[in-house]
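All chains are named by letter (A, B, ...) in the order of the sequence lines, taking the proteins before the strands, and each is independently numbered beginning at 1. If you're wondering where the values come from, they're calculated on a predicted model, not measured in any experiment.
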Amino acid sequence: MESYDHSKIEEKWKDKWFEDNVYEAIDFSDKPKKYILAEFPYPSGKALHVGHAMRYTVPDVYSRFLRMNGYNVMFPMGWDAFGLPAENYAIKTGGHPSKINTDIIPHYKDCMMRMGYGVDWNREINTTDPNYYKWTQWLFLKFFEQGLAQYKETPVWWCEKLKTVLADEEVLNDKDGNKISERDGNPVEKKMLKQWVLKIPQYAEKLLRGLKDLDFPEAIKIAQTNWIGKSEGAEIDFEIEGEKVSIFTTRPDTIYGITFMGIAPENPLITKIFEHIKNKDAVSEYINKSKNKSDLEKQMLKEKTGVELKGITAKCLLIGREVPIYVADYVLMDYGTGVVMAVPAHDERDFSFAKKYGIEIIKVIEGNDKKTDLYIGEGIMINSDKYNGMKSEDFKLKIVEDLEREGVGKKAVSYKIRDWVFSRQRYWGEPFPLLHLEDGSVVAICDTNNPKQVKEMLPVTLPDVPDYSPTSDGSSPLDKNKEWVNIEFKGRKAKRETDTMPNWAGSCWYYLRYCDPKNDETFADMEKLKYWLPVDKYFGGAEHTTMHLLYSRFWHKFLYDQKLVPTEEPYQWRLNGGLLLGADGRKMSKSYGNTVEPMEYVDQYGADSTRMSICFLGPYEDTYPWNTNSIKAVRKLISNVYQMKNKITNDPASKEITKAYNLMLKNATSMIEALKMNTCISEFMIFINILKKETKINKEIYKGFIKAFAPFAPFASEDIWQEINGYRKWKKENSVHLQQWPKFDINVLEEDTVLIPVQINGRVKAEIEITRDADENGAKKTALNNEKIKGLIGDKKLLSVIYVKNRIINLLL
RNA sequence: GGGCGAGUGGUGGAAUGGCAUACACGCGACACUUAAAAUGUCGUCAGCUUCGGCUGAUGAGGGUUCGACUCCCUCCUCGCCCACCA
């Protein structure tokens, strides 16, 4: 018997599909469209790793399924090739970062082809291609023109090891509370630097409201909501030495409990009032000390510190009270106004500070538990002048009205989300299309609405530099190429911006470019965007929930407001993939020696087996260890299927086989729709276990199965399909992957009778056969006639019967 | 400290209010074989059993229900995310 030889089969079909572009996505096709997107890789290692295989296999199976169900499917792929991975690769191996495009990407692409991913490679994109980043620059200029990109002195996270700034989202805490970089876990510190920022907070409200209508898992919506961090409250005005100072609070109802004011050490307000302070030295010393204090120290010293600004007070303009002022580093500069009204009786942080420095504590809300000194909840107002006795919820609204009427405060909303630091002092990124003029102003290199200028000035190509490695003084490597930096612009001397954009820039809009990847006139044609958008299903990694996924929603919403894209949201539906752990249950890592190289499995067992094995392990969104054994199981399945082709006949199939076939198809169809690929494969196994016992297999049933099998095992299925149909010469339209998904006959599955369990007092005691859709009386009669049930009931009295049609009957005694 | 999620055989998992443990892996016995591999057949949650079955079990405890892995409450453990956000 001809045995299953995966390498021969896979070699045979791989190129044929791509030569004829079997997986072509056709613009404006009459068929309904489906845009299936999986996050494109940033190539780093030498070959496609198993994390990629995890991420792409299920979306590929799904998009193949949709194609066979009559959809015009786009499943595109590209390369997110700017950024640190490419630079680090170059530093390690010597040579230029651009060699990632020649050394690594072709290999990645070959790996993907060998894995059988049904990609329309005519739409391939690469973020480092000047024809691509020309439009990244153009889109950035749109933000600049609208005032949403700003060059400003900002407290930023600086990573000494990487020699660059990082965005808030790229900084994590390690186990000991140290701030580290998200990428490689290098230490980071706060620094004040002039940086380009994108004003994402201006879109906070839209980003928040947009979530409502998206088919995202609740966990992602919650994570984004928390990241945006909307708080409603009030701004309340104070006066210090003639300076008006506003604070933000979510608890204006506690205003009569204020006993001091807290100011962040970095707050420029301190300079303004500094001359009035009596203890200037102590204050300066504290500010300097806290500047050098690492976040680790602040975390470790759970106790809060601060220094009173002696000789001055803050006067609340509404209630007229004057309170002492403390500079304290538990007050954050970059939230609210960098100043707080401290109410120790009703805030934990203020409470512990007040206790330490012996500051008065005034309770203004009484809850049920009257004994506690610190009370966070709601209750009845006390010690609050004419408002005593009011409910705090009501007073909260009333006080804001009063503030607004008196003109000493207002209703206010605050967001945790900060300006997005958008520049990096690294070489391998998109150059900013901006110029610094001698008078200190910054201008765009062209007007985005002037096609002639755009054509002439964009892209600003990344120049060669003598040394692209990061510098120790924080200047950009591009600074070293003076010929490039110094430019004459409209007859004036100018210097180019030498920072580059972060890795995220290219990925913020790549899904738009797939719709029209070769357009030279604009980033993507509006009509094509109208056809393809929004992305119907977006698969990716959980690590991007508050980064890429939020950033690109921001870009998209902005572009929508500029009337450049037709939809309000980029992605209608999202699923985060789980992690694949090493076989030992630990995170895959070279240092543990538990990494899995998918290409080794492709060599040894074949791509079909590798694909199915990944699907069979478990649900897409779960995290679980790699299991070497499952690949043998699925290979056996494929091999069984392959060998069955020698048993096909035109003889009609038995009733049992016909039923099993239709049941398998019904279940497989709904399971793929629900993306439950693991249980779908179980259905295949159940069916094949039955079928392999037969000596003859009906041809139509076998053909139907092969079509259902094709999304999972595209190579073996194509090989079998071509052979059993007797196709001598390859023709694209005869590919199994362009056939109609097999239909099942529901009538075959619906027997006249059904088997249901009989329970006595909720415990299963017997099984009976009753007519389908029988009524309760019929079912009860059959159950009571059952010998075993009869014996168990004996002379006990039947109290009641619970009957669920075609499911169960429960007799209560 | 806060948020989210998960806990089911030796292992990956299935069942999301109706026969818990599907489908696999592993393991055991047997068959084929000089032998092994491969393949096939049977068995495989635990305890008891007169071999017909009976009983218990889905992290622990409680609740709702005729009926709970599934819904609710309390607790424990693990994972992920966030963390002085006024």
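- Taking atom C1' in both B:U39 and B:G52, one finds a spacing of 36 Å when rounded to whole Å.
- An OP1 or OP2 oxygen of B:G40 is reached within less than 4.0 angstrom by a side-chain nitrogen or oxygen of A:K692.
- Taking a cutoff of 4.0 Å between a charged side-chain nitrogen and a carboxylate oxygen, A:K659 and A:E656 do not qualify as a salt bridge.
- Distance from the side chain of A:I222 is smallest to B:C4 among B:A86, B:C4, B:G26.
- When both distances must be under 3.5 Å, the Watson-Crick or G-U wobble mate of B:G7 is B:C76.
- Considering only side-chain atoms of A:N810, the nucleotide from B:A14, B:C66, B:G12 that sits closest is B:C66.
- Here B:A22 is the nucleotide among B:G13, B:A22, B:C66 with the atom lying nearest to any side-chain atom of A:I686.
- For A:F616, the side-chain atoms get nearest to B:G12 when compared with the rest of B:A86, B:G12, B:A15.
- Counting only heavy atoms from C-beta outward, the side chains of A:L798 and A:L811 approach each other to under 4.5 Å.
- Spacing of P atoms, B:C27 relative to B:A38, comes out at 10 Å, to the nearest Å.
- Between A:H548 and A:H544, the angle of the ring planes goes over 60°, which puts this pair in the perpendicular group of the 30/60° scheme.
- Taking a pair to require two hydrogen-bonding distances under 3.5 Å in either a Watson-Crick or a G-U wobble arrangement, B:A38 remains unpaired.
- Mapping A:L617 and A:V804 onto RNA chain B by nearest heavy atom places A:L617 at the nucleotide closer to the 5' end.
- A:I770 places a side-chain heavy atom less than 4.5 Å from the side chain of A:Y803.
- Counting non-hydrogen atoms under 4.0 angstrom, A:T628 reaches nothing in the nucleic acid.
- A:K636 comes within contact range of the sugar-phosphate backbone alone, with a heavy-atom separation under 4.0 Å but no base atom that close.
- Residue A:K304 places a side-chain atom within donor-acceptor reach of the base of B:C84, judged by atom type and a 3.5 Å distance cut-off alone.
- As a whole-Å value, the separation of A:I809 CD1 from B:G67 P is 16 Å.
- In the set B:G26, B:G18, B:C19, the nucleotide with an atom closest to the side chain of A:P757 is B:C19.
- Counting non-hydrogen atoms under 4.0 angstrom, A:N678 reaches the backbone sugars and phosphates but no base.
- Ring geometry for A:F395 against A:Y256 counts as tilted: the plane angle lies between 30° and 60°, on a 0 to 90° scale.
- Between A:N226 and A:A264, it is A:N226 whose nearest contact on RNA chain B lies nearer the 5' terminus.
- Note on A:E767: a base of the nucleic acid sits closer than 4.0 angstrom, heavy atoms only.
- In this structure, the CG atom of A:L580 is 18 Å from the P atom of B:G79, given to the nearest Å.
- Summarising the base pairing, B:U70 is matched to no nucleotide, lacking a Watson-Crick or G-U wobble pair whose two defining distances lie under 3.5 Å.
- Nearest nucleotide to the side chain of A:L332, out of B:G40, B:A86, B:G3: B:A86.
- Regarding A:Q759, its CD atom lies at a distance of 13 Å from the C1' atom of B:A20, rounded to whole Å.
- Nucleotide B:A83 is matched to nothing when pairs are restricted to Watson-Crick or G-U wobble geometry with both distances under 3.5 angstrom.
- The shortest distance between the side-chain N/O atoms of A:Y624 and the OP1/OP2 oxygens of B:G12 is not below 4.0 Å.
- If you check every strand for non-hydrogen atoms under 4.0 Å, A:S630 touches nothing.
- No side-chain heavy atom of A:S231 sits under 4.5 Å from any side-chain heavy atom of A:V413.
- Looking at A:N629, its side chain has no donor and acceptor atom pair within 3.5 Å of the base of B:C25.
- Applying the 6.0 Å contact sphere to NZ of A:K781 captures no more than 12 heavy atoms from other residues, nucleotides or ligands.
- Here A:Y330 lies in heavy-atom contact (under 4.0 Å) with a base.
- When each of B:G40, B:C23, B:A14 is scored by its nearest atom to the side-chain atoms of A:N689, the top-ranked nucleotide is B:C23.
- Using Watson-Crick or G-U wobble geometry with both donor-acceptor distances under 3.5 Å, B:U65 finds no partner in any strand shown.
- Contact annotation for A:E683: no contact, since no heavy-atom pair falls under 4.0 Å across all strands.
- Nucleotide B:C54: paired with B:G47 (Watson-Crick or G-U wobble, both distances less than 3.5 Å).
- At the heavy-atom level, A:V340 lies under 4.0 Å from base atoms of the strands shown.
- Out of B:G12, B:C25, B:C23, the shortest distance to the side chain of A:A633 is found at B:C25.
- Among the protein residues, A:V331 comes within range of the nucleic acid bases, having at least one heavy atom under 4.0 Å from a base atom.
- Closest to the side chain of A:K676, from the set B:G18, B:A15, B:C23, is B:A15.
- At a cut-off of 3.5 angstrom, counting only N and O atoms as typed in the model, there is no donor on one side facing an acceptor on the other between the side-chain of A:E348 and the base of B:G1.
- Within 6.0 Å of the NZ atom in A:K410, the count of heavy atoms belonging to other residues, nucleotides or ligands does not exceed 12.
- A syn orientation is assigned to B:G52, its glycosidic angle lying within 90° of 0.
- Nucleotide B:C19 forms no Watson-Crick or G-U wobble pair with any nucleotide shown, as no partner meets the under 3.5 Å limit on both distances.
- In this structure, of B:C54, B:C23, B:C66, it is B:C54 that holds the atom nearest to the side chain of A:K788.
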